K.L.:
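Take a look at this one; I'll ask things after.
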Amino acid sequence: MPDTPASAGLQVRVARRIQLAEDILGLTLAPIGNTPLPPVTAGAHIDLALPNGLVRQYSIASTDVREGYQIGVLLDPASRGGSACVHRDIAEGDLIRISTPRNLFPLAASARHSLLFAGGIGITPVIAMADALHAAGADFTLHYCARTLRRAAFSERLECAPYATQVNQYFDDATPGARFDAFALLAQPSADTHLYVCGPNGFMDHVIGTARTQGWAEANIHCERFAAPTIDTGDDGSFDLVLAKSRSTIRVARDQSAAEALRAAGIEIPLSCEQGICGTCVTPVLEGEPDHRDMFLTDAEKATNTCFTPCCSRARGERLVIDL
Ligand code: FES
């Protein structure tokens, strides 16, 4: 089972809280005592257990963790309680629980050149990637799009970075000529070049869709999403959830999630994001093959079929035996 704040996890102190940009808060989460935090690789994220009981994922903006993990949190106007809670309720000095870092968005070791694309708050893991590629002497270019300079987190850090000449920043309110042109940037697919894309779904769909249209290989396109993409549920069927410990069977209807079926049967499981992002609901699977639809488990974890996320994942067959 992967680590979540609710399982193993770490307690950290909010050492610094700053305004990174309009509606974007920067937090530095420092170790308590003298034990350093676990190291991170570029693209990693942590789960934060928020004061209101929700669990949310945030990418780490630097692989230098001597002062703590740096994260950026965008206040989402459509927040269901996550980002609003961070902005409102977390102060310097607070102690909070986090998971150990996980990396579902790692750099590919085989890339001879990397094209980094960040939209808005998607710059958080991408700036860590730029730092790491620069430190390794690797060849890369970073394209960063934001609505305005005021809303661009880490813009100044990028301007002052030793690799500043490899960074292009685009703002929607800039003069024509400085506009982001994915078609031009992706015009020449190369087997040696890997693309990394992070940002709002619309930005990511545009960049990834353009890359596919231009013939980029799927294996060279890497992305991390902050919101679940829409899934076609038209072919979903019903299945049985067999609860091994309580020796009972619950039918999950075709238009119902496994978590909803459990709740309807009076069985409460921990839930937070309810869209396969946070990992709060991860449940051990004893038999059967899950139809994994989450973005929390790694491909390797999914392949073992030993756990699944009942908030969004289903069964490939007629039944799934779970450890409840
Ligand atoms: S509740 Fe977040 S992954 Fe299921």
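In this text, all values refer to a predicted model and were calculated from it rather than measured experimentally. Counting convention: from 1, in listed order, for ligands and their atoms alike. Worth knowing before you read on, the calculation uses all heavy atoms, side chains too, and leaves out hydrogens, waters and symmetry mates.
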K.L.:
Tell me the contacting part of Ile277 for ligand 1: side chain, backbone, both, or neither, using a 4.0 Å heavy-atom threshold, strictly below.
P.N.:
backbone
K.L.:
In terms of heavy-atom contacts, does CZ of Arg251 have more than 12 from other residues, nucleotides or ligands at under 6.0 Å?
P.N.:
yes
K.L.:
Please work out which of the three classes, parallel, tilted or perpendicular, describes the rings of His143 and Phe180, given edges at 30° and 60°.
P.N.:
tilted
K.L.:
Could you check whether Arg150 makes a cation-pi contact with Phe171, meaning its NZ or CZ is under 6.0 Å from the centre of the six-membered ring and within 45° of the ring axis?
P.N.:
no
K.L.:
Please list, in number order, the atoms of ligand 1 under 4.0 Å from a heavy atom of Gly279.
P.N.:
2 (Fe), 3 (S)
K.L.:
Do any N/O/S atoms of Cys311 come under 2.8 Å of atom 4 (Fe) of ligand 1?
P.N.:
yes
K.L.:
For ligand 1, which atoms have a heavy atom of Gly276 less than 4.0 angstrom away?
P.N.:
3 (S)
K.L.:
Would Leu186 and Trp216 count as a side-chain contact (heavy atoms from CB on, under 4.5 Å) if you check the C-alpha gap in whole Å, the side-chain angles of each, and the deciding distance to 0.1 Å?
P.N.:
CA-CA 8 Å; Leu186 295 166; Trp216 286 82; 3.6 Å; yes
K.L.:
Run the numbers for me: atoms of ligand 1, each under 4.0 Å from some heavy atom of Glu274, listed by number.
P.N.:
1 (S), 2 (Fe)
K.L.:
So with a 6.0 Å cut-off around CD of Gln11, is the heavy-atom count from everything else above 12?
P.N.:
yes
